[in-house]
Amino acid sequence: MFFGPACFVMLSFLWYFFLRQQWISSGVFLLLVILNVPVTIAGIFAIHRTVGVTSTGLVKAIFAAGNIPPPPTYPRQDVMIARGQYAEAADYFRDHIRIEPGDHEARLQLAQLLETRLQGHDEAERLYQEVRRMQPDPRQEMRAANGLIDLYRRTGRRDRLRVELARFADRYGGTAAGDAAAREVSDLKNAPS
């Protein structure tokens, strides 16, 4: 509403300036003054629409209310893990993965469960590699790489640890984590077997 009167007055003064400079005739001046009304109303609606869309977009960006799906949850498996029923939770994760083969989060959680609670190191390694092979989002890819590194450390497989650290250093070079992996590769190469 504040834009309307100011726009009308400024356009009128502009047309009057053109008339005084004799760039337009008095008939054109009168026509332009009459056209000020629809131009001003169109300007009001354009500003209202632009501000509304922009503010809605800003609020959605701030609160991440866009098309970001919520992370998957596995309440049944979580309850079983809390009760200490690790093997049953792993079976439920396997069933879920058979039904939803593209669920990388379930693979990562099953791999972590196998690695930390059930000593299923070979299956955990296979799951981490599957996640990486399926090209997940960058966070899941990094979790799979970190999972493999932790698994190889835990099992004492220095040859695989060195390869995985080198891959991590190459992939994330220039970051603090990538530089730390490169230093560890260097330390592993220099350490006696």
| message | Show, in sequence, the C-alpha distance, side-chain angles and deciding distance for I149 and E184, and conclude whether the side-chain contact (heavy atoms from CB on, under 4.5 Å) test is met. | response | CA-CA 11 Å; I149 290 168; E184 193 169 346; 5.7 Å; no

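- For E105 and R143, the salt-bridge test passes: some basic side-chain N is under 4.0 Å from an acidic carboxylate O.
- Using a 4.5 Å heavy-atom cutoff, the side chains of E123 and L118 are not in contact.
- Using the six-membered ring where Trp is involved, F29 and Y16 have ring planes that are perpendicular, over 60° apart on the 30 and 60° scheme.
- A single hydrophobic cluster is seen to contain both W23 and L19, as judged by linkage of ILVMFWY side chains at heavy-atom distances under 4.5 Å, directly or through other members.
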| said: side-chain contact (heavy atoms from CB on, under 4.5 Å), that's the test. Do V185 and K189 meet it? Break it down for me. | reply: CA-CA 6 Å; V185 167; K189 285 181 182 176; 3.8 Å; yes

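- Annotation for Q21: atom CD counts as buried by contact number, over 12 foreign heavy atoms lying within 6.0 Å.
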| said: Test side-chain contact (heavy atoms from CB on, under 4.5 Å) on E125 and R160; report intermediate values, then the result. | reply: CA-CA 11 Å; E125 179 182 16; R160 296 297 305 156; 4.2 Å; yes

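- At a threshold of 4.5 Å between non-hydrogen side-chain atoms, the residues V28 and F18 do not count as touching.
- A side-chain donor-acceptor contact under 3.5 Å links Y74 to the backbone of A106.
- Nearest heavy atom pair, residue G178 against residue F168, reads N-CE2, 4.0 Å.
- Taking the side chain as every heavy atom from C-beta outward, Q77 and H96 approach each other to under 4.5 Å.
- Between the CD atom in E88 and the CZ atom in R76 there is a gap of 12.5 Å [rounded to 0.5 Å].
- The shortest distance between side-chain heavy atoms of M10 and L14 does not fall below 4.5 Å.
- When hydrophobic clusters are built by joining Ile, Leu, Val, Met, Phe, Trp and Tyr residues whose side-chain heavy atoms come closer than 4.5 Å, directly or via intermediates, I41 is not grouped with V9.
- At least one side-chain heavy atom of R154 sits under 4.5 Å from a side-chain heavy atom of H121.
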| message | Checking L161 against E164 for the side-chain contact (heavy atoms from CB on, under 4.5 Å) test, could you report, in this order, the C-alpha distance in whole Å, the side-chain angles of both residues, the deciding distance, and whether it holds? | response | CA-CA 5 Å; L161 176 62; E164 197 58 41; 5.6 Å; no

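- Using a 4.0 Å cut-off between charged nitrogen and carboxylate oxygen, R98 and D95 count as a salt-bridge pair.
- Heavy-atom neighbours of R126 CZ from other residues, nucleotides or ligands within 6.0 Å: above the threshold of 12.
- In this structure, L11 is not a member of the same hydrophobic cluster as F8, with clusters built from ILVMFWY side-chain heavy atoms closer than 4.5 Å.
- Residues Y172 and D179 have side chains not in contact (no heavy-atom distance under 4.5 Å, counting atoms from C-beta outward).
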Acceptor/donor pairs from residues 43-51 side chains to any protein atom, 3.5 angstrom cut, sequence neighbours excluded:
residue	atom	partner	partner atom	Å
T50	OG1	A46	O	2.8

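- Counting only heavy atoms from C-beta outward, the side chains of D78 and Q109 approach each other to under 4.5 Å.
- E141 has a carboxylate O that lies under 4.0 Å from a charged side-chain N of R171, or vice versa, which qualifies the two as a salt bridge.
- I24 and W15 get closest at one heavy-atom pair: CD1-O, 3.6 Å.
- Note on L127: it does not cluster hydrophobically with L151, by side-chain heavy-atom contacts below 4.5 Å among ILVMFWY residues.
- Shown here for D103 and P72, the closest heavy-atom pair between the two residues is OD1-CG, 4.2 Å.
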| Would D150 and R153 count as a salt bridge (charged side-chain N to carboxylate O under 4.0 Å, His left out) if you check the C-alpha gap in whole Å, the side-chain angles of each, and the deciding distance to 0.1 Å? | CA-CA 5 Å; D150 292 343; R153 273 195 191 112; 3.6 Å; yes

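- Smallest separation of non-hydrogen atoms from P101 and R107: O-NH1, 2.6 Å.
- Between M142 and N146, some side-chain heavy-atom pair lies under the 4.5 Å cut-off.
- Of all non-hydrogen atoms in R139 and D137, the two that sit nearest each other are N-OD1, 3.0 Å.
- Linking ILVMFWY side-chain heavy atoms closer than 4.5 Å, directly or via other members, places V131 and L114 in two distinct hydrophobic clusters.
- In this structure, A90 and L113 approach most closely via the heavy-atom pair N-CD2, 3.7 Å.
- Y152 OH: more than 12 foreign heavy atoms inside a 6.0 Å radius.
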